[in-house]
Amino acid sequence: MLALTRAVPPSIPRCELSHRQREPIDHAQAVREHAAYEDCLRGLGCRVERLPELPDHPDSVFVEDAAVVFDGVAVIARPGAASRRGEVESVAQALAQYSPLARIQAPATLDGGDVLVTPGLVFVGISGRTNADGARQLAAILAPHRFEVIPIPVSGCLHLKSAAVWVPGPSRPHILLNPSWVDSATFHDFDVIEVDPDEPEAANVLAVAGRVICAEAHPQTRRRLDAHGLATISVPAAELAKAEGGLTCCSLLILSGA
Ligand code: CIR
């Protein structure tokens, strides 16, 4: 497994914010947390490769939003926030080494954080960042690859994956979700686990190599995952959370023989 990441830029205090009040972000602390995240990925067997730094793009550490990687095609996104569109080209260049590319075209918008990939079914959040045209273009790109795309409304949070994430389990696959932000009935084919009500942002966990990476700030949700037989691990992520970043958004994972 290859994990593409990007350094936390010093400009991160000027990040986009949609649902959180702006508060000071300690760049050095964010860098330490990001290093711990990369170490965690390495510990789980990933090769971590950093994309070129983009110091003047405050949200450039959140590489997930620039693309979505599928078996057979990497879809280059068109972020809903205009300030983030300059992040995309370097991700496209890196992904071109591993996969054919397809691109979401204007006026459609699509953020990678709105794309929840499960085997055969791809849920796309219609959010403040991703529009219906973005979901339609993604469906057209994925049709030959035998993925069905299901658009679903998201409200109260930034992206679909702020609200719901797929977690492969020892028996049935799970969806960890916050029912206030997404309709849990959408996921009737999955074993739904709800986040602890005191931890509304806890759904954004990252499943890698049979483990589930959780944020240290969400111990009660982590206990719920443990109770379902999932093997969890936690990392510090509080500083990047002030920029509305979670755990999925700091990497792009690629299954690669390279
Ligand atoms: C933004 O608003 O775009 C960034 N401040 C946070 C992006 C987080 N991305 C993600 O969860 N996929």
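We use all heavy atoms of the structure for the numbers below, so side chains are in, but hydrogens, waters and symmetry mates are not. Just so you know, ligand 1 is whichever comes first in the structure, and atom 1 is the first atom listed for that ligand.
For the 3.5 Å distance criterion, the side chains of Ser11 and Asp56 fail to qualify, holding no donor opposite an acceptor. Between the side chains of Glu16 and Ser83, at least one donor N or O lies within less than 3.5 Å of an accepting N or O.
Given atom 4 (C) of ligand 1, the protein heavy atom at minimum distance is Asp59 OD1, 3.1 Å. Given atom 10 (C) of ligand 1, the protein heavy atom at minimum distance is Cys249 CB, 3.0 Å. For atom 9 (N) of ligand 1, the closest non-hydrogen atom on the protein side is Asp65 OD2, 2.8 Å. When only non-hydrogen protein atoms are considered, atom 8 (C) of ligand 1 lies nearest to Glu244 O, 3.4 Å.
Annotation for ligand 1: atoms under 4.0 Å from non-hydrogen atoms of Glu64 are 10 (C), 12 (N). Interface atoms of ligand 1 facing Ala243, defined by a heavy-atom separation under 4.0 Å, are 4 (C), 5 (N), 6 (C). Residue His159 approaches ligand 1 through these ligand atoms, each under 4.0 Å from one of its heavy atoms: 9 (N), 10 (C), 11 (O), 12 (N). For ligand 1, the atoms closer than 4.0 angstrom to any heavy atom of Gly113 are 12 (N).
Of the possible donor and acceptor atoms, one in the side chain of Thr221 sits under 3.5 Å from a partner among the backbone N and O of Asp196.
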Check against side-chain contact (heavy atoms from CB on, under 4.5 Å), Arg20 and Glu201: CA-CA 11 Å; Arg20 272 192 169 229; Glu201 295 177 357; 2.9 Å; yes
Evaluate the criterion side-chain contact (heavy atoms from CB on, under 4.5 Å) for residue pair Leu240 and Cys250; output intermediate values, then yes/no. CA-CA 9 Å; Leu240 288 175; Cys250 292; 3.9 Å; yes
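The part of Arg129 lying near ligand 1 is the side chain, judged by heavy-atom distances below 4.0 Å. When heavy-atom distances to ligand 1 are checked against a 4.0 Å cut-off, Asn204 has no atom that comes that close, whether in backbone or side chain.
Classified by interplanar angle (parallel below 30°, tilted 30° to 60°, perpendicular above 60°), the ring pair Tyr37/His34 is parallel.
Just one of Asp111, Asp65, Asp59 meets the salt bridge (charged side-chain N to carboxylate O under 4.0 Å, His left out) condition when paired with Arg129; it is Asp111.
Residue Glu16 has at least one nitrogen or oxygen atom sitting less than 3.5 Å from a nitrogen or oxygen atom of ligand 1, judged on distance alone.
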